[in-house]
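Right, one structure below, let's go through it.
Labels below follow one simple rule: chain letters A, B, ... track the order of the sequence lines, proteins then strands, and each chain is numbered from 1. Model, not experiment: these values are computed from the prediction.
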Number of protein chains: 2
Amino acid sequence: MSIRDVAARAGVSPATVSRVFTRPESVAADTRRRVMAAAEELQYVPHAAARSLAQGRTGNLGVVVPDIANSWSATITKAVQQEARRDGFALFVAGSDEAAVDEEQWARAMVPRVDGLLLVSPQMPDTALQTIADLIPVVVTNRVLDDIPAVLTNTFEATGHAVEHLHSLGHRRLVYLAGPQGYANEVRLDGFRSACARLGIEAAELGPFHARFTEGVRAADLVLATEATGVVAYNDEIAVGVLNRLADRGVRVPEHVSVVGFDDTGLAEMVTPRLTTVRIPAASAGVAAVSLLLSVMAGRDVSGRSLVELPGELIIRASTGGVPGSVATRGSQ
Amino acid sequence: MSIRDVAARAGVSPATVSRVFTRPESVAADTRRRVMAAAEELQYVPHAAARSLAQGRTGNLGVVVPDIANSWSATITKAVQQEARRDGFALFVAGSDEAAVDEEQWARAMVPRVDGLLLVSPQMPDTALQTIADLIPVVVTNRVLDDIPAVLTNTFEATGHAVEHLHSLGHRRLVYLAGPQGYANEVRLDGFRSACARLGIEAAELGPFHARFTEGVRAADLVLATEATGVVAYNDEIAVGVLNRLADRGVRVPEHVSVVGFDDTGLAEMVTPRLTTVRIPAASAGVAAVSLLLSVMAGRDVSGRSLVELPGELIIRASTGGVPGSVATRGSQ
DNA sequence: ATGAAAGCGCTAACAC
DNA sequence: GTGTTAGCGCTTTCAT
């Protein structure tokens, strides 16, 4: 069932059929109708590969995320998919399970199948990333590399707000639970350290942990072995793991220990107590990444706007409260 | 950078280069090495579209899920992606947001770009589904349609176990919170009704609800307006929404009300109290679906094994307990 | 074991 | 506004 069959049936040339499917307005209205009818009757579907070959473009985008089943990845993937669709692109998705090798393999496998590639928090070496970016338009999130456009979630300030928040509640000893090494973790850690230093807070660090619930469960006991009264976790999943384990050990949140997460994934509002967290606009990040990618693909000069920064925002919920005995406790007893 | 460039550099014909990339063993060892070297130096990447056109296959699979960001969908997508990879396929992913129209559009958009299509719990009309299945190999999950291979999650029995479990705890009035209309909901509802009838339990039904947290929050108040002491929710997200709202209204789980979910997504273990739920092996479903799809694509006769059933399993956790005043309460006070 | 040549289905000049 | 023609880059007979 090719374009020739349709052409024959409609009594026109193959080129005309092609035009109907590419620039319909360039064909006379009633010829167009005849062609459409013929295509309909024959159940004709244009052959994507042939089209790609002739046009030199695939109409596909690709995204590689750390973990498809992770809530943050899924949210960003969803936004990317919807945005890609608006622009007429289909989307390849792959998860690397946080393995740099798989990530690189996937990126390479996608290169010939897509017009542009989005790498979410990539872990692969700079050189590998650069090699791929030389082959095809690439946009990354949460990674800074010369000449590669990026969407960054800048949580430095918001992390400071989280620490200030805990400080105002009387906390003087905090611990940060580190996530996988990378831009996101660095910014959070920097924000944590600098705010603690500024406020005279005793700051400890544990980890790194994988960005998963079970790791938070494990982290909780390590936290209790310190003197910290407040925990700032790399992400919501770790924070929720902490919440869970603390509850099992009879430690009450926020009465005994306060917990702050990052991301504000749906999870944060689903747990008890609801989680205080630094919201990161995952959907916006996805949308921004796609539009940046499209700019690069269009060959537009993006040097000016090639680093999009999205600020975090502290969302205060029920997992943070006054330190026992402090004045701040009064209202919450 | 085409196959001709590589051929020229290696001093062989394009055909030989092609062979090196398709059936390496059919080329003399040292010719092969020369070609590989040339390809390497030129950074040659085979052109996917040209390859597809010549071979008549794309090397791609597609999956359409109800919601990329939903935990169940994400888990199955992840499994599908990993399984597809094992077999050398890249994966297109699209989310329909539970809209039958979008779902159908995506499926149609994918048809020319893939060798096989997996539709997860499709909502589109039978005829639309059939039309697509006539165009390309299709496998569905949680949908029964003549001649279309399917992976079904059979939760009838396990739902009965859930009801028995509640009955044994003294519950005599239960309510089922219905999810979106479809196979999964029907089986759960059937299992619920038949077990209630068998055990002489007063069975009410509410809904349908979207399979989301916020819908569970909404449902909780409706539940409290009934006399039910036990809730069986369509999925974990709804169940967790119920948990949340009940806590806000001062209703204790499981002391006052017991709650059961479905799916056993990661969520079930993260909330307080941990959720009793009917586990459905999402990852296995994904793997089974892909292998079924590959069979269909290979033209193998699947008439015998074209309906794969995966049984559910009741996982008892902390969200179910004895009815107040009943003998079953004793241990838990 | 390797080369020559045809063609996969479509698009895009270029003519008319 | 429509037809003719030459590829897009690769695979695959068919020779040799």
Side-chain angles (χ1 to χ4, degrees), chain A residues 1-39 42-60 88 90 108-115 135-136, chain B residues 1-39 42-60 88 90 108-115 135-136:
Chain A
M1 200 61 40
S2 89
I3 209 173
R4 315 179 76 94
D5 302 307
V6 179
R9 191 145 165 73
V12 298
S13 79
T16 299
V17 177
S18 172
R19 286 189 189 100
V20 169
F21 283 91
T22 47
R23 293 182 301 117
E25 70 285 0
S26 74
V27 174
D30 81 318
T31 321
R32 193 191 318 152
R33 268 191 294 278
R34 276 214 319 286
V35 172
M36 301 282 262
L42 265 43
Q43 293 232 46
Y44 167 73
V45 180
H47 192 293
R51 181 178 272 227
S52 297
L53 181 56
Q55 291 189 138
R57 58 185 294 281
T58 63
N60 302 147
R108 296 197 104 92
M110 282 185 180
V111 164
R113 306 164 126 107
V114 302
D115 299 327
L135 256 33
I136 200 177
Chain B
M1 200 61 40
S2 90
I3 209 172
R4 315 179 76 95
D5 302 308
V6 180
R9 191 144 166 70
V12 298
S13 79
T16 300
V17 177
S18 173
R19 286 190 189 100
V20 169
F21 282 92
T22 47
R23 294 180 302 116
E25 70 285 358
S26 74
V27 174
D30 80 320
T31 321
R32 194 192 316 153
R33 267 191 296 277
R34 275 215 319 287
V35 171
M36 301 282 264
L42 266 45
Q43 293 232 44
Y44 167 73
V45 180
H47 191 292
R51 181 176 271 224
S52 298
L53 181 57
Q55 292 187 137
R57 59 186 292 282
T58 63
N60 303 146
R108 296 198 105 93
M110 282 185 180
V111 163
R113 309 165 123 107
V114 302
D115 299 326
L135 257 32
I136 200 176

Pick base, sugar-phosphate or nothing for [X], based on heavy-atom distances below 4.0 Å to the nucleic acid.
{"X": "A15(A)", "value": "base"}
{"X": "T22(A)", "value": "sugar-phosphate"}
{"X": "V17(B)", "value": "nothing"}

Between [X] and [Y], what is the shortest heavy-atom contact and its length?
{"X": "P24(A)", "Y": "R32(A)", "value": "O-NE, 3.2 Å"}
{"X": "R19(B)", "Y": "V27(B)", "value": "CB-CG2, 3.6 Å"}
{"X": "A49(A)", "Y": "S52(B)", "value": "CB-CB, 3.5 Å"}
{"X": "R34(B)", "Y": "G11(B)", "value": "NH2-O, 4.1 Å"}
{"X": "R51(A)", "Y": "F21(A)", "value": "NH2-CB, 3.7 Å"}

Any [X] side-chain nitrogen or oxygen under 4.0 Å from OP1 or OP2 of [N]:
{"X": "T16(A)", "N": "dG3(D)", "answer": "yes"}
{"X": "S2(B)", "N": "dG9(D)", "answer": "no"}
{"X": "R51(B)", "N": "dG9(D)", "answer": "no"}

If you check every side-chain atom of [X], which of [options] has the closest atom?
{"X": "A54(B)", "options": "dT11(C), dA13(C), dG7(C)", "answer": "dG7(C)"}
{"X": "T31(B)", "options": "dC8(C), dT2(C), dA13(C)", "answer": "dT2(C)"}
{"X": "A50(B)", "options": "dC10(C), dC10(D), dT2(C)", "answer": "dC10(D)"}
{"X": "V27(A)", "options": "dA4(C), dT2(D), dG9(D)", "answer": "dT2(D)"}
{"X": "Q55(B)", "options": "dT11(D), dA4(C), dC10(C)", "answer": "dT11(D)"}

> Of S18(A) and S13(B), whose closest DNA chain C nucleotide lies nearer the 5' terminus?
Replying inline: S13(B)
Could you tell me how far apart [X] ([atom1]) and [N] ([atom2]) are, to the nearest whole angstrom?
{"X": "E25(B)", "N": "dA1(C)", "atom1": "CD", "atom2": "P", "result": "10 Å"}
{"X": "R4(B)", "N": "dC8(D)", "atom1": "CZ", "atom2": "P", "result": "8 Å"}
{"X": "H47(A)", "N": "dC8(D)", "atom1": "NE2", "atom2": "P", "result": "18 Å"}
{"X": "I3(A)", "N": "dT4(D)", "atom1": "CD1", "atom2": "C1'", "result": "14 Å"}
{"X": "D30(B)", "N": "dA1(C)", "atom1": "CG", "atom2": "P", "result": "12 Å"}
{"X": "D5(A)", "N": "dC8(C)", "atom1": "CG", "atom2": "C1'", "result": "14 Å"}
{"X": "R34(A)", "N": "dG1(D)", "atom1": "CZ", "atom2": "C1'", "result": "12 Å"}
{"X": "R57(A)", "N": "dC10(C)", "atom1": "CZ", "atom2": "P", "result": "16 Å"}

> Any donor-acceptor pair under 3.5 Å between the side chain of R19(A) and the base of dG3(D)?
Replying inline: yes
> Taking R113(A) for the side chain and G59(B) for the main chain, is one N or O donor matched with an acceptor at less than 3.5 Å?
Replying inline: yes
